Amino acid sequence: MKIEEILSQSIINALKTLYTADFDKSAVVFQKTNPDFEGDITLVVFPFLKASKKNPEQTAADIGNYLKSNCADVSNFNVVKGFLNLVIADSYWLNSFIAKETTSQEQKAEIMVEYCSPNTNKPIHLGHVRNILLGWSMAQILEANGHKVIKANLVNDRGIHICKSMLAWQKWGKGETPEKAGIKGDHWVGKYYVMFEQKLLGERSEILESEFAHVQDLNAAEKEEVFNLYSIAKNLDEKEEIKKNAWEKLNELARLHADLSKGVQEMLRKWEAGDEATIALWKKMNGWVYDGFAETFKCIGIRFDKTYYESQTYLLGKKAVEEGLAKNVFIKRPDGSVIIDLKQEKLDEKVLLRSDGTSVYITQDIGTAIERHKEFPNVKGFIYTVGNEQDYHFKVLFKTLKKLGYAWADNCYHLSYGMVELPEGKMKSREGTVVDADELIKEMIDTARETTQALGKIENFTSDEAENLYRMIGLAALKYFILKVDPKKKMLFNPKESIDFNGNTGPFIQYTYARIKSIIRKAETASEQNYSAAHINLDAKEKTLIKLLYHYPALLAQAAKEYNPSVIAAYTYDLATAYNSFYHDIHILKEENRNLKNFRIALSLKVAEQIKQAMQLLGIEVPERM
RNA sequence: GGUCCCGUAGCUCAGCUGGAUAGAGCAACUGCCUUCUAAGCAGUAGGUCGGGGGUUCGAAUCUUCCCGGGAUCACCA
């Protein structure tokens with residue numbers, strides 16, 4: 001039984017016996033004992049003063065004395081102000097360490113975790129990396145808590161963005177392929193996307209400079225507007241702000257009337273009409289991108305059970321909107337558009353269907369959620385790993401689903417995470433400040449290689465083993481760095497300084513694991529597995545480790561409940577730190593008492609297993625040697 | 001302007017269902033490798049927890065206002 005349960009029952013009895021007062025279990029709350037004092041768990045007695053009618057010190061002493069004589073697991077206590085610090089008997093901790101984990105976990109609800117969700121016009125970047133790591137880790141954490149998890153990816157494979165790459169390749173690609181160019185497919189398609197934007201920028205400048213002289217398709221009203229805007233924009237007496245505004249409008253007009261813009265719109269129209277050549281080109285380009293993505297995913301060490309494509313889902317949801325109309329959940333406006341009114345919920349009105357009957361983004365999301373639920377009837381919850389700039393969108397989505405009568409809407413969760421910022425500010429693709437995932441990972445691995453070689457600890461590794469180690473370490477550094485931060489907070493990533501291999505880092509934890517495994521290898525004989533707990537007096541550092549192991553299930557549950565992998569990261573760091581301190585101060589293999597030696601080996605092994613398991617929840621591998 | 005999130009050491013972050021003197025890592029400074037891997041351990045220094053009020057025996061934590069930063073408020077995705 002958990003020590004908290006044992007104690008709270010005893011304390012309720014104590015309060016009854018001592019003060020004839022009845023307290024509910026919920027009134028008895030424990031906290032960690034301040035490390036400056038002796039004790040394993042602490043009771044705050046302030047809530048009981050009214051019942052005891054004594055001062056805090058006396059009340060705490062009363063309860064402490066009662067527990068010491070009536071509760072076998074309490075071996076001692078001390079009182080500091082209103083805090084009753086309880087010392088729990090070594091026998092309890094040893095038993096908790098030896099006892100087999102109760103793996104009789106009931107099967108919990110099935111959950112779908114959607115994460116990654118890339119566009120097919122550019123490679124994976126640092127922002128996606130945070131998303132991917134969070135989504136993957138949450139899936140692992142939920143599985144460890146007894147849920148069945150379906151990992152899903154929703155690829156945005158259609159729309160104006162991919163048409164830009166397609167058009168650019170058609171115009172300037174000269175039949176080049178990723179193979180011929182020797183470039184990874186996703187980077188290669190991204191190259192054409194950037195090319196398109198640059199050419200468009202050039203065309204816009206040309207139009208602006210020539211004052212729309214070569215633009216053929218302006219009607220009379222537009223011509224007049226352009227003329228008027230130029231007279232404002234070039235009027236020296238006009239206010240700066242108004243001039244700026246005029247330039248912006250001209251810019252927008254120039255963009256709309258650029259041949260490239262019209263070309264890309266035409267291509268999108270053809271795609272939607274199912275034009276064969278366009279579809280073939282689209283498939284070819286996306287195929288290259290998927291090859292590139294697959295390589296990146298494999299390198300990061302993640303995968304999906306199910307991949308959805310927006311080209312197959314973007315028309316979904318219209319039926320649900322009609323159903324909503326029939327149920328009077330939605331409102332049809334005179335112009336034909338359909339909205340939902342969420343003013344009661346402190347949200348606003350939201351358009352669900354345009355006046356021309358076409359769908360908007362949220363229509364699709366409503367449709368896919370319902371489709372997925374039909375496809376996986378056992379799935380009771382959906383987790384959407386999406387950046388916090390879409391907080392509002394998901395509030396509206398979940399409310400809408402709820403209003404449509406879907407009970408599972410309550411189990412939908414937006415795993416919202418903050419942006420990854422660079423020292424110079426936000427990443428902007430237009431300014432070329434985006435940190436590319438493939439490059440970043442390569443740099444991490446290179447740094448791991450340099451550091452490891454400088455330390456010179458792997459002389460007997462084969463080159464394959466060494467490369468695998470560099471990969472493990474580099475990825476651990478990156479993954480841990482990102483996952484140790486609370487998801488909802490924005491985080492700063494400094495490519496030059498952020499990645500360290502010392503202190504609170506992935507490699508530090510890996511190192512702790514490797515050191516333990518080194519000891520285990522040296523101790524590897526059958527006789528060194530057995531010990532008798534009866535004759536062991538725990539050292540403080542041993543007790544710290546056992547207590548940390550004891551607390552793991554609670555933290556695992558907390559990480560799932562809060563959708564927060566950083567809880568696991570912090571725990572793993574605490575465990576590694578505690579082990580290193582133990583390792584430094586206490587002999588293991590050199591201990592002459594056989595019983596004690598074997599116990600310490602067993603304890604070390606258990607810590608190693610725990611580290612490995614916790615790191616696995618973060619998607620981080622641990623090496624046997626490093 | 002409305003809504004939401006954030007503001008803790010020089011830097012990056014913990015701590016937030018109220019609880020003891022606010023913790024780590026990095027950077028700086030000190031020690032510790034003839035001893036189980038020094039990617040380690042131990043220590044020094046560094047804080048008006050953005051600011052003011054309120055609730056409370058007790059506030060970094062709850063509440064309110066103010067200041068500062070960000071996101072969002074499309075018949076875009």
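In what follows, every heavy atom counts, from backbone to side chain, and hydrogens, waters and symmetry copies are set aside. Because the structure is a prediction, the values reported are computed rather than measured. We name chains A, B, ... by the order of the sequence lines, and we start the count at 1 in each one.
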*Asks:* Both distances under 3.5 Å, Watson-Crick or G-U wobble: on that basis, could you give the dot-bracket string for RNA chain B, with [ ] for crossing pairs and | for other-strand partners?
*Replies:* (((((((..((((.....[...)))).(((((.......))))).....(((((..]....))))))))))))....
*Asks:* Is the shortest distance from a Lys or Arg side-chain nitrogen in E609(A) or K606(A) to a carboxylate oxygen in the other one below 4.0 Å?
*Replies:* no
*Asks:* In residues 50-61 of chain A, what residues come within less than 4.0 Å of RNA chain B, judged by heavy atoms?
*Replies:* none
*Asks:* For nucleotides 20-34 of chain B, just jot down a letter per nucleotide in 5' to 3' order: B, S or -, based on protein non-hydrogen atoms under 4.0 Å.
*Replies:* BB--SSS--------
*Asks:* Can a side chain N or O of K346(A) be found less than 4.0 Å away from OP1 or OP2 on G2(B)?
*Replies:* no
*Asks:* Under a 4.5 Å cut-off applied to non-hydrogen side-chain atoms, are S416(A) and F394(A) in contact?
*Replies:* no
*Asks:* Looking at N388(A), I'd like to know whether one of its side-chain N or O atoms comes within less than 4.0 Å of OP1 or OP2 on A71(B).
*Replies:* no
*Asks:* Just jot down the ring pair (Phe, Tyr, Trp, His ring centres under 6.0 Å) partners of Y361(A), sequence neighbours excluded, or say none.
*Replies:* H393(A)
*Asks:* Suppose we screen for ring pair (Phe, Tyr, Trp, His ring centres under 6.0 Å). Which residues come up paired with F481(A), at least two apart in sequence or across chains?
*Replies:* F493(A)
*Asks:* Does C33(B) count as syn, meaning its glycosidic angle lies within 90° of 0, or as anti?
*Replies:* syn
*Asks:* Think K489(A) has a side-chain N or O under 4.0 angstrom from the OP1 or OP2 of U12(B)?
*Replies:* no
*Asks:* Kindly state each residue pair satisfying salt bridge (charged side-chain N to carboxylate O under 4.0 Å, His left out) with at least one member in residues 116-127 of chain A, sequence neighbours excluded.
*Replies:* none
